[in-house]
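Keep in mind the model is a prediction, meaning the values are calculated, not measured. First listed ligand is number 1; within each ligand, the first listed atom is number 1. In this chain, numbering begins with 1 at the start of the sequence shown.
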Amino acid sequence: MISKRIQKMVPSVTLAQSEKIAMLKKQGIEVIGFNIGEPDFNTPENIIKKAEEAYRLGYTKYTPAAGMLDLREEICRKFKKDYNLDYTVRDVIVSSGAKQSLTNALMAIVDPEDEVIVPTPCWISYIEMIKLTGGVPVLVEMNEANGFDLALDRIESKITSRTKAVLINSPNNPTGAVYKEKDVKRLGELAVKHNFYIISDEVYEKLVYSGETNCCTAALSQEIKEKTITINGVSKSYAMTGWRIGFAVGPTHVIKAMSDYQGHTTTSPNSPAQYASIEALRNSEEFVQAMKKEFDKRRKYTVKRLNEMEGIDCFEPNGAFYVMPNIKHFYGKKYRDFTINCPADMCDYLLEEARIAVVDGTAFLAPHNIRISYSNSLENIQRGMDRMEEALKNLK
Ligand SMILES: Cc1ncc(COP(=O)(O)O)c(C=O)c1O
């Protein structure tokens, strides 16, 4: 018998779609992927070289549970350089991906029945992670008309004596929204006043456009820093999703609890990947800038093309590599055997008729949207948008 804990877990909505895409590809049908949640760039050569060096130098053993000291020192330097924040190695944990850092953080602070507020749309794993701790996810809908900005009044109204944390993500997956500093600061002040933590997932920090920069929650004041656990990693910034290295910085006692938990569940993250991550943090500025420039071009192009399509109204988000148009206009419309009544219908329709893969917004608690990732070549985006435009025109 499977545990109740796992039985309560909602399986990924995108799994069924992945199966359909795989079947089409097997039949030799080209599907253009706008469903991709990772940079389509290769990990830079200098980082790969360091991994090779790591194997030869014998970085092939366990490391301390919280990660190699050299890497943790490099992470401290990163926070000093980027945000003028002071951390010591005792305030840093390296994990097998940001996902594990997030799980560690929730396991460290959330007791059964504790509430964790999550603005939605959101990355769906947050909700399952909170449930696994026995905690209660409190979902608060953000306003699409405001570009899914952080709506502080709505969050504030959900704060109770059981609120243990608010989990925010900016730049955001799936909306691409970048939260305004003044809003994050107000949230920080609420955390100080009501004594809860902010878990600030900043994995897309390097991908902020239009001259804006990432607002690092912990950098807003010393008091807010003491309430903030920052989650980050090398996956999205350095095209290293498969290397599985994430990290967290925060109050020493929270990081210690996270390390104790990680020590028992995983021992330590992959050591050659940790060694190579030092190089990623130290010597990748040129790569990051080039990747960002390319993503920015694709972002502008994608939004322009979407807004030229009748019935689509898509705001231009300033971060990550996602846009999330609303598709309500098409509800009730038909073509051949297809009738569109929800985002899942639209995903099926676009896959079958336009051979493009987009993600159902309900997977992120966006009930009337689809998520389009522009992590694909400009040429493919162009072809994919042509096909989408054609398919939408056929819906009557
Ligand atoms: C918002 C967000 N946080 C965390 C992660 C996980 O990152 P990692 O690959 O480092 O586990 C992702 C990956 O899609 C993400 O979108």
- Under 4.5 Å between any side-chain heavy atoms of I255 and V92, yes or no? no
- Query: Pick one: which of F321, Y209, Y322 meets ring pair (Phe, Tyr, Trp, His ring centres under 6.0 Å) with F295?
  - Reply: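 That would be F321; it is the only one of F321, Y209, Y322 passing the ring pair (Phe, Tyr, Trp, His ring centres under 6.0 Å) with F295.
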- Taking the inter-plane angle between the rings of F79 and Y83 on a 0 to 90° scale, is it parallel (under 30°), tilted (30 to 60°) or perpendicular (over 60°)? tilted
- Do K164's NZ or CZ and the ring of F196 fall within the cation-pi criteria of under 6.0 Å and 45°?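 No, K164 and F196 do not form such a contact.
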- Item | With A151 via side chain to side chain contact (heavy atoms under 4.5 Å, CB included) - residues at least two apart |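 Only M142, D153, R154 meet the side chain to side chain contact (heavy atoms under 4.5 Å, CB included) criterion with A151.
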- Query: Near ligand 1, which residues have a heavy atom under 4.0 Å away from one of its atoms?
  - Reply: G97, A98, K99, W123, Y126, N169, N173, D201, V203, Y204, S235, K236, R244
- Item | Qualifying residue, where the test is salt bridge (charged side-chain N to carboxylate O under 4.0 Å, His left out) with K78 and the options are E73, E205, E285 | E205
